[in-house]
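Some notes on the structure that comes next.
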Amino acid sequence: MFFIQFDNTQRTDSDPVNTGFTNFKMLRPGYDNDDPLFHTAFLDLFDLIDFTAIRYMVYTNTNGSDPIYPAEQDWADRKLPTDASQTKMNALNKRDGACWEHVIEIANRTETDTWINVPISASAEYITEPAELLKTDLNPDQIIYVESGNEVWNTAPGFEQSDYNEAEAADLGISVIGNHARRTIEIAQIFESVFGIGNLNNRVQVVLCSHKPMLQWWVKPMLEYIDENFGAPSNYIAAISCQTYFSGGEDDGESVSDILTDCHTSITNQIDDGGVDLAGRKQWIEFANDWNLMHGFTSYEGGPDHGGGGIVNIENRILAEPTTGMCEEMRYNLDEGFLQLGGKLSMQFTLTSSYNHYGCWGLTDDVNNPDRNYKFQCIKDLLET
């Protein structure tokens, strides 16, 4: 990592000092000014593997990007393709990540469906304008999955959208659960107004997401709130969704083999859990069917989860990641543990990442050499069958 600092800049000869400059472009080694916008190795991955969809939650910086309620994110402050950075720019009040134009460009190039996360603080215009862009510029045969925020239930640091939801709910005199449901319907209605009657549950699929143990504590009351205030949830909501992570090896001294055994048990325990939380995947699927949701049960994030910052047994937990055994556990998680149960769409978190004590989520840890572990090839083989 390195930093570049520019001092005493002048936009023109007559401008004051420190007014900035224009037309600066930093190029990756081996690229020239006429090359495509995105890293070739990244795009090449999508020619190797038949992904259905990409979820742009991290790319558009959904987490922690909301202002303090009642301030809104305005379309005038959104990220532009011409901005100097496609990450958060606090000095310019641009708290989002990459611009929507780049989202659309990736989706069109990779021929994948698009899962977007609408900030819960976004103004009506900020919801309408991305919908207009997607309608106009996205390939017309691609599905758009729409989610309100990300993990609005999550009160951990970095998920300040939960604070916004709580403050807005108090202002409206409703529960935080009811407000998350209300906001999801508001987004659905705006997208329907842009795409036209009949597009909800077809080209536009709104997904109501929550934490895995919260099926009857959040999802049930949210659907009941929608039913009481807007009518049948199936008119607006295409699917309900939770995580499909699995883990193992938190105890000191566990071998790689032990960790893989723990992972298998973790997946098995999630398939059918009819206990007090009704947290099993079978229970989520049955619940979606009971509410006549057209696209049933999906998973907004999932995969091996050996992060959290803990360092106990971290060496073996990392060593377990690139093995053929981890490949088999991923296959079990997605095939017998999801698709064969009736799950519809499962999102892997994430495509690439380093492997360390904060997380080992990526299908590969090297975008230039994706097959250096078995996870990428495992998913490729599963999608081909």
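On a predicted model such as this, the values are computed, not experimentally measured, just so you know.
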Checking Glu329 side chain against Thr324 main chain: does a donor-acceptor pair fall under 3.5 Å?
no

Is there a side chain to side chain donor-acceptor pair (under 3.5 Å) between Gln340 and Asp335? Walk through the geometry before answering.
CA-CA 6 Å; Gln340 291 189 35; Asp335 192 0; 3.0 Å; yes

Using the side chain to side chain donor-acceptor pair (under 3.5 Å) rule, take Gln283 and Asp272 through it: C-alpha gap first, then chi angles, then the decisive distance, then the call.
CA-CA 7 Å; Gln283 284 69 42; Asp272 189 359; 2.9 Å; yes

His180 versus Met222, closest heavy-atom pair with distance
CD2-SD, 3.4 Å

For residues 42-54, which residue pairs qualify under side chain to side chain donor-acceptor pair (under 3.5 Å), counting only residues two or more places apart or in two chains?
Asp47-Arg109

Residues in salt bridge (charged side-chain N to carboxylate O under 4.0 Å, His left out) with Arg317, at least two apart?
none

Could you tell me which non-hydrogen atom of Ile143 sits nearest to which non-hydrogen atom of Asp113, and how far apart they are?
N-OD1, 2.9 Å

Could you verify whether a donor N or O on one side chain and an acceptor N or O on the other, from Asp381 and Gln377, lie under 3.5 Å apart?
yes

Set of side-chain hydrogen bond (donor to acceptor under 3.5 Å, both in side chains) partners for Arg372, sequence neighbours left out
Asp365

For the residue pair Asn165 / Glu168, report whether a side-chain donor-acceptor contact shorter than 3.5 Å exists.
no

Between the side chain of Trp284 and the main-chain N/O of Lys212, is any donor-acceptor distance below 3.5 Å?
yes

Compare every heavy atom of Ile259 with every heavy atom of Gly248, then report the nearest pair and how far apart it is.
O-CG2, 3.6 Å

Counterpart residues, side-chain hydrogen bond (donor to acceptor under 3.5 Å, both in side chains), relative to Asp305 (two or more places apart)
Trp361

Relative to each other, are the rings of Phe195 and Phe191 parallel, tilted or perpendicular (30° and 60° limits)?
parallel

Taking the side chain from Asn356 and the backbone from Tyr358, do they hold a donor-acceptor pair closer than 3.5 Å?
yes

Determine whether a donor-acceptor pair (N or O, by modelled atom type, separation under 3.5 Å) exists between the side chain of Asp74 and the backbone of Ala76.
no

Does Leu345 reach the side chain of Tyr145, with side-chain heavy atoms less than 4.5 Å apart?
yes

Check whether more than 12 heavy atoms from other residues, nucleotides or ligands sit under 6.0 Å from atom CG of Asp7, and answer yes or no.
yes

With a 4.5 Å limit on heavy-atom distance, are the side chains of Gln73 and Ser65 in contact?
yes

Can a donor-acceptor pair be found between the side chains of Thr265 and Asp262 at a distance below 3.5 Å?
no

Shortest non-hydrogen contact from Ser346 to Phe338?
CB-CE2, 3.7 Å

If you group Ile, Leu, Val, Met, Phe, Trp and Tyr by side-chain heavy-atom gaps below 4.5 Å, do Leu215 and Ile226 land in one group?
yes

Got Gln348 and Glu301 here, is their nearest side-chain heavy-atom distance under 4.5 Å?
no

Would you check if the side chain of Gln270 reaches a backbone N or O of Ser266 as a donor-acceptor pair within less than 3.5 Å?
yes

So, Ser121 and Asp66: side-chain donor and acceptor under 3.5 Å apart, yes or no?
yes

Looking just at side-chain N and O atoms, do Thr364 and Asp366 make a donor-acceptor pair shorter than 3.5 Å?
no

Distance-only polar pair, side chains of Ser255 and Ser257, donor-acceptor under 3.5 Å:
no

Does any part of the side chain of Tyr374, heavy atoms only, come nearer than 4.5 Å to the side chain of Thr323, both counted from C-beta?
no

Say whether, by atom type as modelled, one donor and one acceptor occur between the side chain of Ser299 and the main chain of Cys242 under 3.5 angstrom.
yes

Are side-chain heavy atoms of Val206 and Thr184 found at a separation under 4.5 Å?
yes

Pairwise side-chain contact, Thr22 with Arg11, heavy-atom cut-off 4.5 Å (strictly under):
yes

Taking only residues two or more places apart in sequence or in another chain, which ones pass salt bridge (charged side-chain N to carboxylate O under 4.0 Å, His left out) with Asp273?
none

Does Trp217 have any side-chain hydrogen bond (donor to acceptor under 3.5 Å, both in side chains) partners at least two apart in sequence or in another chain, and if so, which?
Asp277

Tell me every residue that passes side-chain hydrogen bond (donor to acceptor under 3.5 Å, both in side chains) with Ser353, counting only those two or more places apart in sequence or in another chain.
none

Testing the 3.5 Å rule here: is there a donor-acceptor pair between the side chains of His39 and Tyr31?
yes

Check whether Asn117 reaches the backbone of Thr62 with its side chain - one donor and one acceptor, N or O, closer than 3.5 Å.
no

Is the shortest heavy-atom distance from the side chain of Trp115 to the side chain of Ser241 under 4.5 Å?
yes

List the steps and the verdict of side-chain contact (heavy atoms from CB on, under 4.5 Å) for Asp77 and Glu72.
CA-CA 10 Å; Asp77 296 326; Glu72 293 183 320; over 6 Å; no

Side chains of Asn313 and Asp252 only: does a donor on one sit below 3.5 Å from an acceptor on the other?
no

Heavy-atom pair with the smallest gap, counting every atom of Gln86 and Leu80
NE2-O, 2.9 Å

Under 3.5 Å, is there a donor on one side chain and an acceptor on the other for Gln161 and Asn63?
yes

Could you give all pairs that pass the side chain to side chain donor-acceptor pair (under 3.5 Å) test and reach residues 192-206, with sequence neighbours left out?
Gln205-His295

Glu151: which residues meet the salt bridge (charged side-chain N to carboxylate O under 4.0 Å, His left out) condition with it, sequence neighbours left out?
none

With a 3.5 Å distance limit and no angle check, can you tell me whether Asn61 reaches the backbone of Arg95 through a side-chain donor-acceptor pair?
yes

Can you tell me which residue pairs pass the side chain to side chain donor-acceptor pair (under 3.5 Å) test with a partner in residues 125-137, sequence neighbours excluded?
Asp96-Tyr126

Do any N or O atoms from the side chain of Thr60 and from the backbone of Gly97 form a donor-acceptor pair under 3.5 angstrom?
no

Steps toward side-chain contact (heavy atoms from CB on, under 4.5 Å) verdict (His357, His306):
CA-CA 7 Å; His357 66 293; His306 293 106; over 6 Å; no

Do Ile120 and Ser148 come within less than 4.5 Å of each other through their side chains, counting heavy atoms only?
yes

Exercise answer: donor-acceptor pairs, residues 228-240 side-chain atoms, under 3.5 Å, sequence neighbours excluded:
residue	atom	partner	partner atom	Å
Asn229	ND2	Tyr225	O	2.8
Tyr236	OH	Phe230	O	3.2

Which heavy atom in Met347 sits nearest to a heavy atom in Tyr300, and how many Å separate them?
CB-O, 3.3 Å

Joint cluster assignment, Ile185 & Val176, ILVMFWY side-chain distance < 4.5 Å:
yes

Backbone N or O of Gly64 within a donor-acceptor pair of the Tyr164 side chain at under 3.5 Å?
no

Cut-off 3.5 Å, side chains only: do Asp15 and Gln10 have a donor facing an acceptor?
no

The complete set of ring-ring contact (aromatic ring centres under 6.0 Å, His included) pairs with one or both residues in residues 250-275, sequence neighbours excluded, reads His264-Tyr332

